[in-house]
Amino acid sequence: MTDTEIEITADLVRDLLEEQHPDLAGLAIREVEGGWGNQMWRLGDELAVRMQRMDPTPELQLNERRWLPVLAPRLPLPVPTPVRFGEPSERFPKHWTVMTWVPGEPLDLCSISRGAHAADTLAGFLRALHVEAPAEAPIATDRGAHPRDCTDGFENFFQAVVPGGIAADVRAVWDDAVAADAWQGPPVWVHGDLHPANVVVSDGTLSGIVDFGSMFAGDPAWDLAAAWVLLPAGTAARFFDVYVDADEAAIRRARGLAAMKSLFLMLMGQNGDRGLPGGKPNWGPVGRAALDRVLRGV
């Protein structure tokens, strides 16, 4: 059985806890639906176990272990913070981490009803996150570049899922992002993967941000795309007013990246409809709604 074929069960999680953190082994263990690179298990009421699954290297979990304790104290929303480390063993040859649990329902399974509040909340969170990163901060290898350097990825998604009736409009948004000036400031902390499954909602508004495995130092436009990918229609302008620091070029780059992210969600939904590994059937409608918001602009 290869690493990727190891079945992660509640019994395995409990065995690992008994081996490495026996004081936690008596807590209730419940599987959390979703996840691809990592699988999550709820541990008691306040913790979760993040198990490396499809990620080929431990780098993403190790980045979370190192940097989330640094970032979390100054962020205005709850984020998962590592509290115990699980090391590879004969029982499970990959990394796993015990983290704080962020309560709420993932946005891909619900909706935001308090749009203005959510726009203000997201803007405040990103203003706090987007500060100059230290020289040793991780650098992205598969994201973080200017849109002009992401054309192949955009084209793959575009050809796979864009309906003919809006193809020209979607391409115009992307071409405008490609033509926008590059980020001129210092590399700042970027979450890097803000999509509906990586934020949680309570009382109709954003209440937490999760999955920082893709965090990097770079262009904040990769997070600013969330103005369309996460927020309800008609709230992007309010988001940028509260965020303050995004110039015209940053908004153009962010809008193009939001188009690409929306196409990715649509492709994942299409894969789910076809029963392909990793597909998420419920992401298709989420992605199309986000793309519609992108096409409306700010």
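Since the model is a prediction, treat every value here as computed from it, not as a measurement.
- Between the side chains of Arg65 and Thr97, at least one donor N or O lies within less than 3.5 Å of an accepting N or O.
- The aromatic ring centres of His130 and Tyr243 sit less than 6.0 Å apart.
- Counting only heavy atoms from C-beta outward, the side chains of Val188 and Val190 approach each other to under 4.5 Å.
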Start with the C-alpha gap between Gln39 and Gln52, add the side-chain angles, then the distance that decides, and say whether side chain to side chain donor-acceptor pair (under 3.5 Å) holds. CA-CA 7 Å; Gln39 185 171 351; Gln52 184 188 344; over 6 Å; no
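- Looking at Asp108 and Lys280, no side-chain N of the basic residue comes within less than 4.0 Å of a carboxylate O on the acidic one, giving no salt bridge.
- Within a 6.0 Å radius of CD in Glu248, other residues, nucleotides and ligands contribute 12 heavy atoms or fewer.
- Between His191 and Phe212, the angle of the ring planes goes over 60°, which puts this pair in the perpendicular group of the 30/60° scheme.
- For the pair Val170/Phe158, a side-chain contact is recorded, criterion being any heavy-atom separation below 4.5 Å from C-beta on.
- At least one side-chain heavy atom of Gln20 sits under 4.5 Å from a side-chain heavy atom of Glu87.
- Using cut-offs of 30° and 60° for the angle between ring planes, the Trp222 and Phe216 rings count as perpendicular.
- You'll find the side chain of Arg14 stays beyond 4.5 Å of the side chain of Thr9, heavy atoms only.
- Environment of CG in Asp23: crowded, with over 12 heavy atoms of neighbouring residues, nucleotides or ligands closer than 6.0 Å.
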Show your working on side chain to side chain donor-acceptor pair (under 3.5 Å) between Asp149 and His146 and close with a plain yes or no. CA-CA 6 Å; Asp149 298 320; His146 190 284; 5.7 Å; no
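- Counting only heavy atoms from C-beta outward, the side chains of Asp247 and Ile251 never approach each other to under 4.5 Å.
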